[in-house]
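Below you'll find the structure, written out as C-alpha cells, and then a few comments.
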There are 2 protein chains.
Amino acid sequence: MAEVAWAALSDPARRAVLDLLRQRPHAVGELVQALQLTQPTTSKHLRVLREAGLVRVHGDAQRRIYTIDPTSFAALDAWLAPYRVLWNDSLDALGHHLDRTGTRTRTTRRT
Amino acid sequence: MAEVAWAALSDPARRAVLDLLRQRPHAVGELVQALQLTQPTTSKHLRVLREAGLVRVHGDAQRRIYTIDPTSFAALDAWLAPYRVLWNDSLDALGHHLDRTGTRTRTTRRT
DNA sequence: TGAGCATATGCCAGTCAAGGCATATGCGCG
DNA sequence: CGCGCATATGCCTTGACTGGCATATGCTCA
C-alpha cells in the first residue's frame with residue numbers, strides 16, 4: 001500500500017530533501033543548491049517523492065514550490081505505530097525515564 | 001544512518017514478516033508457511049532484516065527463532081518524529097479533535 | 001513573438017536487489 | 001557415527017533504480 005512511500009524513503013538524498021522541505025517549502029533550484037545535486041537528478045527525486053505522495057507541488061509558474069504532504073507520512077506512522085509500543089516497553093524495562101524521549105506529539109524542537 | 005533499515009522496510013514481504021514477528025516470535029519454517037514464500041527467499045529476507053537491526057535471532061538450535069528488535073524501530077521513529085507535528089497540525093486545522101490521534105507514546109490501541 | 005530562465009523528461013550505462021534453484025552448514029537423534 | 005530435518009548461502013538471470021548528459025517543455029518578460 002504505502003509501498004512506494006517506503007521505497008522513496010530508502011534513499012538518503014530523498015530523506016535529505018524531505019528534511020529541507022520540513023522546515024519550509026523550497027523551489028527546485030534551492031534544493032539543487034542545498035543538496036549539491038544536479039538539477040535533473042533533483043527533479044527525478046522529486047518526482048519519486050511526488051508519486052509517493054510525500055510531497056506536493058504548489059506554484060505551477062516557472063518556479064515550482066515543493067511542500068511536504070503530511071497525509072502520506074501519517075500512513076507510514078500508522079504502520080509504525082503498533083511497533084512503538086514494543087520499544088516503549090523495552091525502554092521502560094530498562095528504566096529509561098527520559099520523559100517521552102523525543103517522541104512527543106507536538107514538540108520537535110530538537111536541533 | 002538507518003540507511004539499511006529503510007531499505008529493508010521498502011519490501012512488502014519484509015514488512016509482512018515484521019507484522020508476524022510483532023505478534024509473537026516465529027521460527028523460519030512458520031514464516032515460510034505463513035507468507036507462502038520459499039524457504040531460501042525467506043531466509044534472505046530475514047538476513048536483510050537482521051543486518052538492518054530490525055530483528056534478532058534467538059535460538060541457535062535447529063529452529064532459529066526470530067524476534068523483533070525494537071531499537072532500530074526507535075531510530076526510524078526518531079526520524080519520522082519531526083514530521084509528526086506537521087500532520088498533527090493539519091489535522092488540528094481540520095478540526096480533528098481526536099486527542100493525540102493514535103500517536104501517543106505508550107498506547108497504540110488502534111485495531 | 002522571441003529570448004531566456006526554471007524545471008522536467010528521455011536515453012544510456014552501471015549497479016544493485018530479488019527470486020529460483022541447488023547445495024552447504026548446523027544440530028539432534030537413533 | 002551416519003541420517004535427516006531446519007536453515008543458510010552461492011550462483012545466475014532478470015528487472016528496477018540511479019546518475020549523467022542532452023534536450024524538451026512551460027512560463028515570463030522585453
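Since we're looking at a predicted model, the values are computed, not measured. The basis for the numbers below is simple: all heavy atoms, side chains too, and nothing from hydrogens, waters or symmetry mates. Letters A, B, ... mirror the listed sequences (proteins, then strands); counts begin at 1.
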Using 30° and 60° as the class boundaries, would you call the ring planes of B:Tyr83 and A:Phe73 parallel, tilted or perpendicular? parallel

Which is the 5'-most and which the 3'-most nucleotide of DNA chain C that has an atom under 4.0 Å from a heavy atom of chain B? C:dA18 to C:dG28

Single hit among A:Leu18, A:Leu20, A:Val17 for side chain to side chain contact (heavy atoms under 4.5 Å, CB included) with A:Ile68: A:Leu18

Just call it for B:Ser43: base, sugar-phosphate, or nothing, with non-hydrogen atoms closer than 4.0 Å on any strand. base

At 4.0 Å (heavy atoms only), tell me whether A:Ala27 reaches a base, stays on the sugar-phosphate, or touches nothing. sugar-phosphate

Which donor-acceptor pairs under 3.5 Å do side chains of residues 45-54 of chain B form with protein atoms, sequence neighbours excluded?
unit_1  : atom_1 : unit_2  : atom_2 : d
B:His45 : ND1    : B:Arg14 : NH1    : 3.3
B:Arg50 : NH2    : B:Tyr66 : OH     : 3.2

Closest nucleotide of DNA chain C for A:Ile65 versus for B:Gln39: which of these residues is on the 5' side? A:Ile65

Between the protein and nucleotides 25-30 of chain D, which nitrogen or oxygen pairs are less than 3.5 angstrom apart?
unit_1 : atom_1 : unit_2  : atom_2 : d
D:dT28 : O4'    : A:Gln62 : OE1    : 2.8

Sole residue of B:Arg63, B:Arg24, B:Arg64 in salt bridge (charged side-chain N to carboxylate O under 4.0 Å, His left out) with B:Glu30: B:Arg24

Indicate yes or no for a side-chain donor-acceptor contact from B:Ser10 to the backbone of B:Ala7 under 3.5 Å, with no hydrogens or angles considered. yes

Of all heavy-atom pairs between B:Leu35 and B:Ala13, which one has the smallest distance, and what is that distance? CD1-O, 4.4 Å

Student check: side-chain heavy atoms of A:Pro82 and B:Arg22 closer than 4.5 Å: yes

